[in-house]
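Inspection log for the structure reproduced underneath, given as structure tokens.
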Amino acid sequence: MTLDVAQLCAQLIRFDTTNRGGGDSAGEREAAEHVATILQDNGVPPTLLEPAPRRTNVLARIHGTDPSLPAVLVQSHLDVVPADPAEWSFDPFGGEIRDGFVHGRGAVDMKDMAAMTLAVINRWHLEGRRPRRDIVLAFVADEEDQGVYGAHWLVDHHATHFAGVEAAISESGAFSYDVDGVRLYPIGTAERGTSHMKLTAVGRAGHGSRKNTRNAVTALVTSLARIAAHDHPIRLTPTVEAFLVGAGKALGVEVDLDDVDGTIARLGPAAKLVENTVRCSTTPTMLQAGYKVNVIPGTATAHLDVRTLPGTVDELEATIDSLLCEGVTREFLEHQPPVEAPVDTMWFAAMTEALRDEDPAAVVVPYCLGGGTDAKAFSQLGIHCYGYSPLRLPAGYDYRSMAHGVDERVPVAGLEFGVRVLDRFLSS
């Protein structure tokens, strides 16, 4: 039976796989079992692995016709971030298909990719086709937190499943981005590192009415003010430089790599794809101190969302240390380094060709993700990880606001386009 990609996406959305973080999750089990059934029905034996109850991962391998070729990993996460139904104009887990869109939490992050992958496998099964190379499949848990029940756990405990894999594709890339009639397709070849930090200020507790030169709150907020005001230097990675040159040429924009900010300003709407990835960032997000207005607390804490570019981690840590007041220390809550895959590979060339075969006007450029994905886990195995979840999107559709946003939805035509592109790439 032919499986419709929009229906596949809608079915996956109807499984509430909300991940609230810290191990608090609805769990991925039912969605994983659904995926496993589809794989089994299409001649692909699945393996289900649970590091904790209901935190289910699905692994499989499709053997290619030429075992001498390196394998490619196709990985999707099955969990989603929370959605408050009161904020939405439709049921976040209804999986409704109407007006040319599939509606619901996970529509673009990233049950769309899971659905497109399953649709390609169904095609191969019905047509009696096999890919040339091994295709390794991973539908994982816990990406929306720290991956300790998903990709990182798999890498640590089941690395043999990924033997022979040279490249991987997953979310956040190969979507069309319209700029004055030019369709850019940014393929993710790098992503900033995630180094969440906790700052702790230790001072002298005392009465709020008395002079106190060791006020922990004062030391903390002074440190935060310095960090927030710090102007991080521009650090051009190969990916970002290639994006600026390629996008600038396509858009007819002057590119001056000695004036990166000026170049970005000239890119117009395309600036949003690069503006957050030419510098590291250190953003204060959480504060906690005290229990009573007339008591100076002995300690105060804050959290920083720190994002690092390839090659900058040591430099950024030293910068933060130089901005901390006496009595303020830092520790990592999460420390996942940045990753970068090469652009001049057969993988990037094949991904580009598959996009252009379906959209001859496609302008394909590499880009760096401002956030992070499970690429940080799979890169530890020496796998080149690319953001490649192809979608051709209608003008006016704000793709970048959909992930983690309200009223998330994905165009049906975009999903159908993605199936064709993935089929071409994975068959190459």
Side-chain angles (χ1 to χ4, degrees), residues 32 35-36 38-40 42-49 51 56-78 110 113-114 116-125 128-141 143 147 150-171 173-174 187-191 336-337 339-354 373-390 421-428:
V35 168
I38 293 172
L39 292 174
Q40 189 69 58
N42 285 274
V44 180
T47 299
L48 278 69
L49 298 169
T56 316
N57 301 272
V58 185
L59 302 180
R61 182 181 286 255
I62 302 172
H63 293 283
T65 58
D66 187 347
S68 70
L69 294 175
V72 62
L73 167 65
V74 184
Q75 54 106 348
S76 305
H77 63 83
L78 296 175
M110 62 171 303
M113 179 66 166
M116 291 188 292
T117 303
L118 293 172
V120 170
I121 293 167
N122 174 245
R123 272 189 171 195
W124 291 350
H125 178 66
R129 287 194 284 141
R130 285 173 59 195
R132 293 175 59 225
R133 65 185 75 250
D134 280 12
I135 306 297
V136 177
L137 305 171
F139 300 85
V140 306
E143 191 276 344
H152 284 279
W153 180 79
L154 291 170
V155 166
D156 290 341
H157 297 279
H158 295 277
T160 54
H161 180 80
F162 307 100
V165 173
E166 185 173 291
I169 61 171
S170 188
E171 62 185 323
I187 294 176
T189 57
E191 58 186 52
Q336 298 187 42
V339 296
E340 187 160 23
V343 177
D344 56 343
T345 63
M346 68 174 186
W347 304 108
F348 192 89
M351 286 185 275
T352 299
E353 183 179 357
T373 73
D374 280 334
K376 288 183 172 60
F378 292 112
S379 292
Q380 295 174 31
L381 299 176
I383 298 171
H384 298 318
C385 295
Y386 297 92
Y388 193 76
S389 179
V421 173
L422 282 179
D423 191 351
R424 287 182 181 275
F425 170 66
L426 296 175
S427 299
S428 64

Listed partners of [X] passing side chain to side chain contact (heavy atoms under 4.5 Å, CB included), at least two apart:
| X | answer |
| --- | --- |
| Asp66 | Ser68, Leu69 |
| Thr56 | Arg29, Ala32, Leu48, Glu50 |
| Ser427 | Trp124, Arg129, Asp423 |

Taking the side chain as C-beta and beyond, is there a heavy-atom pair between [X] and [Y] under 4.5 Å?
| X | Y | result |
| --- | --- | --- |
| Leu422 | Val74 | no |
| Met110 | Glu143 | no |
| Pro131 | Leu426 | no |

Please enumerate all residues that pass side-chain hydrogen bond (donor to acceptor under 3.5 Å, both in side chains) together with [X], with sequence neighbours excluded.
| X | value |
| --- | --- |
| Gln336 | His152, Glu334 |
| Ser170 | Gln75 |
| Ser428 | none |

[X] side, atom [atom1]; [Y] side, atom [atom2] - distance, nearest 0.5 Å:
| X | Y | atom1 | atom2 | value |
| --- | --- | --- | --- | --- |
| Asn57 | Leu154 | CG | CG | 4.5 Å |
| Ile169 | Ile135 | CD1 | CD1 | 8.0 Å |
| Ile187 | Thr352 | CD1 | OG1 | 4.5 Å |
| Leu59 | Leu39 | CG | CG | 10.5 Å |
| Met116 | Ile121 | CE | CD1 | 12.5 Å |

Item to check | Minimum-distance pair of heavy atoms, taken over all atoms of Arg133 and Pro70 | outcome: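 Smallest heavy-atom distance, with atoms named: NH1-O, 2.7 Å.
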Item to check | Closest heavy-atom pair and its distance - Asn42, His125 | outcome: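 The pair with the smallest heavy-atom distance is O-ND1, 3.3 Å.
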Test of understanding: with salt bridge (Lys or Arg N to Asp or Glu O under 4.0 Å), list the residues that count as partners of [X], not counting sequence neighbours.
| X | answer |
| --- | --- |
| Arg424 | Asp357, Glu358 |
| Asp134 | Arg61 |
| Arg132 | none |

Could you go through residues 373-384 and list every donor-acceptor pair under 3.5 Å that involves a side-chain atom there, pairing it with any protein atom two or more places apart or in another chain?
| from | atom 1 | to | atom 2 | distance (Å) |
| --- | --- | --- | --- | --- |
| Thr373 | OG1 | Glu191 | OE1 | 2.9 |
| Thr373 | OG1 | Ala375 | N | 3.0 |
| Lys376 | NZ | Glu191 | OE2 | 2.7 |
| Lys376 | NZ | Arg192 | O | 2.7 |
| Ser379 | OG | Ala375 | O | 2.7 |
| Gln380 | NE2 | Lys376 | O | 3.4 |

Next on the checklist: Test: side chain to side chain donor-acceptor pair (under 3.5 Å). Region: residues 157-166. Which pairs qualify, not counting sequence neighbours?
Outcome noted: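 Qualifying pairs: Glu166-Trp347.
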Checklist entry - Listed by chain and number, what are the ring-ring contact (aromatic ring centres under 6.0 Å, His included) partners of Phe139, not counting sequence neighbours? => result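 With sequence neighbours excluded, Phe139 shows a ring-ring contact (aromatic ring centres under 6.0 Å, His included) to no residue whatsoever.
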Item to check | Test item: Arg130 side-chain N/O and Gly64 main-chain N/O as donor-acceptor pair under 3.5 Å | outcome: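 Flag set: sc Arg130 to bb Gly64 pair under 3.5 Å.
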Checklist entry - Short question: side chain of Tyr386, backbone of Val343 - any donor-acceptor pair under 3.5 Å? => result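 The answer is no, because no donor-acceptor pair under 3.5 Å joins these two groups.
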